[in-house]
Q: 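Structure below; questions to follow.
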2 protein chains.
Amino acid sequence: MTQAGDDREDTDRMTLSVREPIVEDSRADILRAAAVCFMEKGYTAASIDDVARRVGATKGRIYHHFPSKAHLFAEVFRFGMDRIFIVTDPHRNTPGRAVDRWKKLAFVHTRTMTNSKALARVVWEGVEMHLRGATTPEQRAVLDDLVTYRNSYSDVFRQTIAQARDEGDFTFDDLGIANQVMFMALNSPIFWYTPRPSDPADHIDNIAKQVVAFAYRGLGGRGEP
Amino acid sequence: MTQAGDDREDTDRMTLSVREPIVEDSRADILRAAAVCFMEKGYTAASIDDVARRVGATKGRIYHHFPSKAHLFAEVFRFGMDRIFIVTDPHRNTPGRAVDRWKKLAFVHTRTMTNSKALARVVWEGVEMHLRGATTPEQRAVLDDLVTYRNSYSDVFRQTIAQARDEGDFTFDDLGIANQVMFMALNSPIFWYTPRPSDPADHIDNIAKQVVAFAYRGLGGRGEP
DNA sequence: TTGACAACATACCGGGTAGTATGTTCATCA
DNA sequence: TGATGAACATACTACCCGGTATGTTGTCAA
């Protein structure tokens, strides 16, 4: 029941993999700072100097690790996608009814998005940039790749709710619309939730629970999740 | 039942009020172009020259009508809020159960948002800018005003769903969370819907209907809206 | 007819920013 | 120990963009 602690991590602590050379720590520091900067100001308004200032360094360090601002952004994007992929992976192919799989997927997804708000916002803006049509062709190529990545993640939910509908647990009309609205509902905390020190420990879980309940019923699920 | 046609207007046709001097047409042209530019590139990336180019003019014309980029943006913001306020106004204080009022409000809101996607996106980004903390104090003041405006609009829905809950037609836990998630669901088409010439005439209505159905059930409404 | 003003266009300036070129320091290894 | 290269910092450039200052054209009223 309580599998808490498996993907818990606050906004300021994100490590790449287990243990890597110091250079990777430096890189990770930059990625974290960049995530916050991009979240606070958006891609265009956030400057490389902003990111450098936040890690207590100068431009030189940034460009030593990343060839361009677009690449830096893309790396944060990928970093965020990796994280959300990893935490949902264990619940992707569990046996049983699809609706039960969905409940766990949705909850873990929402909790992780809310927990790592900065990364989630960068992923969001990355998708937005892709829809708008990124400027340079090189940037375009990098984003294409990542958006494909992100779409494959979306497909996991898409197939799950489709199957749940087939099994009679969900009721909705258009699958594409349902998936989009569901995602917007699940992701909504990254726009209106701001973590405060006074929040109790289970605050985010509580939010995620209510958001998932909304989406569950929105998709036509009966009873309480 | 079918009050269609009262607030229908496509994205490229928005007039200010009924009939005004030519100068106001020129201003309105700029506002329309600015809305599209801000939607396509975002506030920071969209330049005054972009807007000017879109109306087939130069910077001079823009700055003749608007004192600054921030003011131009604010005017589009206000324009969009006015529109959404106007179309929902007739359904705000109708007698009967709150849930019935909500149904009409939500549908008209969603349809209008989807119809005038550009304006809706500008309003969205305006709120975002305010949350991020706008740069200059003057810009801040203008945004404060508009966000208050937009919050008063949000309160209409907030009070409506609160009353509907009191009347036993809706079921949810936290009022604030429910309102936020509901709004995200209702507004979601402005992010994933792109109008195409091949769309049938009732396409947007159809989308709005499904989105409202999702939100209705998400709020705990029973049966079909 | 002329002055005055609206409604722009043109030309220009200054600040900020992505990106580059060039130091500088320090660890490692032959 | 000397050379090499990683990991930065510093200094600089080119460009874009918001804003301004000034020029031009048409209209309208006295």
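Keep in mind it's a predicted model, so treat the numbers as computed, not measured. In what follows, every chain begins at residue 1, and chains take the letters A, B, ... in the order their sequences are listed.
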Q: Does the distance from a Lys or Arg side-chain N to an Asp or Glu carboxylate O, for B:R121 and A:E128, drop under 4.0 Å?
A: yes

Q: Can you build the contact string for nucleotides 9-24 of chain C? Use B for base contact, S for sugar-phosphate-only contact, and - for no protein heavy atom under 4.0 Å.
A: BB------SBBB----

Q: Begin with the C-alpha distance, continue with both residues' side-chain angles, and end with the deciding distance and a verdict on side chain to side chain contact (heavy atoms under 4.5 Å, CB included) for A:W102 and A:M182.
A: CA-CA 11 Å; A:W102 181 89; A:M182 176 207 74; 3.3 Å; yes

Q: Taking the six-membered ring of B:Y43 (Phe, Tyr or Trp), confirm whether the NZ or CZ of B:R132 is under 6.0 Å from its centre and within 45° of its axis.
A: no

Q: With no hydrogens and no angle check, just 3.5 Å: does a side-chain donor-acceptor pair link B:S68 and B:H71?
A: yes

Q: Is it possible for you to check whether A:R111 lies under 6.0 Å from the centre of the six-membered ring of A:Y193, through NZ or CZ, and within 45° of that ring's axis?
A: no

Q: Take the protein atom CZ of A:R27 and the nucleotide atom P of D:dC8, then report the distance between them rounded to whole Å.
A: 12 Å

Q: Taking only side-chain N and O atoms of A:H64, does any of them lie within less than 4.0 angstrom of OP1 or OP2 on D:dA7?
A: yes

Q: Is any side-chain N or O of A:H65 closer than 4.0 Å to OP1 or OP2 of D:dA6?
A: no

Q: Which whole-number value in Å describes the distance from B:H71 NE2 to D:dG19 P?
A: 10 Å

Q: Are A:L31 and A:L72 packed together at the side-chain level, in the sense that at least one heavy-atom pair is separated by less than 4.5 angstrom?
A: yes

Q: Establish, with yes or no, whether the OP1 or OP2 oxygen of D:dC8 is under 4.0 angstrom from a side-chain nitrogen or oxygen of A:S26.
A: yes

